[in-house]
Amino acid sequence: MDIRSLNKEELTAELLSMGEKKFRAGQIFRWLHRDLADSFAEMTNLSLALREKLSEKFSLEVPQAVQVLTSQIDGTKKFLFDLADGNVIESVWMRYHHGNSVCISSQVGCRMGCAFCASTLDGLVRGLTPAEMLGQVYQIQKLTGERVDSVVVMGSGEPLDNYDSLVRFIRLLTDPEGQDLSGRAITVSTCGLVPQMYRLADEGLSITLALSLHASCDETRVRLMPVAKRYKLDEVLAACDNYFEKTGRRVSYEYSLVHGVNDTLAEAKALAGLLGGRNCHVNLIPVNPIKERNFTRGPREETLAFKNMLEKYGINATIRREMGRDIDGACGQLRRSYMEKGSEERRR
Ligand code: SAH
């Protein structure tokens with residue numbers, strides 16, 4: 001049993017069933033989620049006998065950083081973590097004026113198949129456990145020696161395709177006896193899995209939802225995102241509106257600009273028409289080209305003109321600032337190049 005994935009009630013029940021007092025569960029919870037202990041041996045206010053019993057009954061696996069790249073331009077760091085079963089995942093640490101932000105993966109690979117995305121090229125391997133999602137945040141905090149102020153679930157994987165683990169991860173990360181992160185400091189990005197978006201609105205979490213929109217009509221959206229065949233734009237936007245109504249949290253819309261596909265001024269106008277009247281924010285992301293596909297980004301002036309057009313129609317928009325340009329490549333590419341190298345070495 002993976003002890004860092006248990007919530008407080010489950011941990012308490014386990015400790016009671018071992019004949020231990022209830023307060024021990026609180027002590028262990030704080031070791032795991034506040035003090036970020038990586039082993040039972042560190043839990044020095046527990047008896048040696050109890051620590052031994054715990055290590056027999058539970059596993060406490062910590063993602064191991066196997067590669068860390070640091071940007072010479074802005075200090076952004078990319079981490080490759082090795083998981084207990086040998087899978088590798090990618091996370092990014094960014095320093096902004098408002099604090100440190102970590103972008104985590106929610107799955108190994110992804111099965112959503114978005115056309116421009118490197119994470120989905122080999123399909124889904126598996127969802128991450130709550131402990132593996134927390135482990136990315138906790139290890140980065142330990143390795144940088146700086147507090148993580150916000151977390152975005154925008155790395156590899158579709159978080160709402162790993163729903164139960166995601167919600168458990170958020171509850172653990174916001175627990176007052178753990179890192180006590182505010183829900184407002186967490187953003188979850190989805191390609192638009194409608195039923196889970198409705199479920200998430202009712203969880204009582206005050207996190208921000210970001211929707212990957214990428215088009216203003218279903219026809220174009222389907223070209224970029226196979227999931228658009230299953231859920232039409234009007235259903236997805238209704239789920240966003242419901243999220244706002246239930247939580248009071250403004251929804252963000254992500255729009256990756258792919259040259260010649262969705263980046264004309266006519267598209268900008270159509271997007272403004274689609275979102276008009278909503279309290280929202282559009283994040284424009286000039287597409288990061290991946291070598292497996294031939295999508296490119298348009299000239300900078302066109303990106304600016306796209307943004308200006310949205311603003312002219314009263315839609316709040318920003319162009320995503322590129323962090324760690326020198327260590328970049330799109331999300332998921334660092335992992336791919338590491339894996340490719342690995343398999344060559346294995347063949348040799
Ligand atoms: N599965 C989630 C998280 C994906 S990554 C989702 O779909 O929202 C976060 C954002 O980056 C998504 O909007 C995704 O579509 C976008 N993205 C992925 N690869 C990209 C690339 N190569 N260039 C630009 N944006 C990309």
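Since the structure is predicted, the reported quantities are computational estimates derived from the model, not experimental observations.
For the residue pair Asn262/Thr220, the side-chain donor-acceptor check at 3.5 Å is not satisfied. Using modelled atom types and a 3.5 Å distance limit, the side chains of Asp38 and Gln139 yield a donor-acceptor pair. A donor-acceptor pair shorter than 3.5 Å can be found between the side chains of Arg249 and Thr208. Using modelled atom types and a 3.5 Å distance limit, the side chains of Arg199 and Gln196 yield no donor-acceptor pair. Of the N and O atoms on the side chains of Ser150 and Ser101, at least one donor lies less than 3.5 Å from an acceptor on the other residue.
Judged as a ring pair (Phe, Tyr, Trp, His ring centres under 6.0 Å), the pairs with a partner in residues 175-218 (not counting sequence neighbours) are, in order, Phe116-His214. Pairs of residues two or more places apart, or lying in two chains, that qualify as ring pair (Phe, Tyr, Trp, His ring centres under 6.0 Å) and include a residue from residues 46-98 are Phe79-Phe81, Tyr96-His98. Residue pairs that meet the ring pair (Phe, Tyr, Trp, His ring centres under 6.0 Å) test with at least one member in residues 239-296, sequence neighbours left out, are Tyr255-Phe306.
Under the 4.0 Å criterion applied to side-chain N and carboxylate O atoms, Arg4 and Glu61 are not assigned as salt-bridge partners. Between Arg126 and Asp85, at least one side-chain nitrogen of the basic residue sits less than 4.0 Å from a carboxylate oxygen of the acidic one, meeting the salt-bridge criterion.
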Show every donor-acceptor pair shorter than 3.5 Å between a side-chain atom in residues 168-176 and any protein atom, with sequence neighbours excluded, or say none if there are none.
unit_1, atom_1, unit_2, atom_2, d
Arg168, NH1, Ser5, O, 2.8
Arg168, NH1, Glu10, OE1, 2.6
Arg168, NH2, Glu10, OE2, 2.9
Arg171, NH2, Glu203, O, 3.3
Arg171, NH2, Glu203, OE1, 2.7
Thr174, OG1, Ile170, O, 2.7
Thr174, OG1, Arg171, O, 3.3
Asp175, OD1, Lys8, NZ, 3.1
Asp175, OD1, Glu177, N, 2.7
Asp175, OD2, Lys8, NZ, 3.3

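Residues passing the side-chain hydrogen bond (donor to acceptor under 3.5 Å, both in side chains) test with Ser189 are Glu254, sequence neighbours excluded.
Here Leu16 is tied to no hydrophobic group at all, with no ILVMFWY side chain closer than 4.5 Å.
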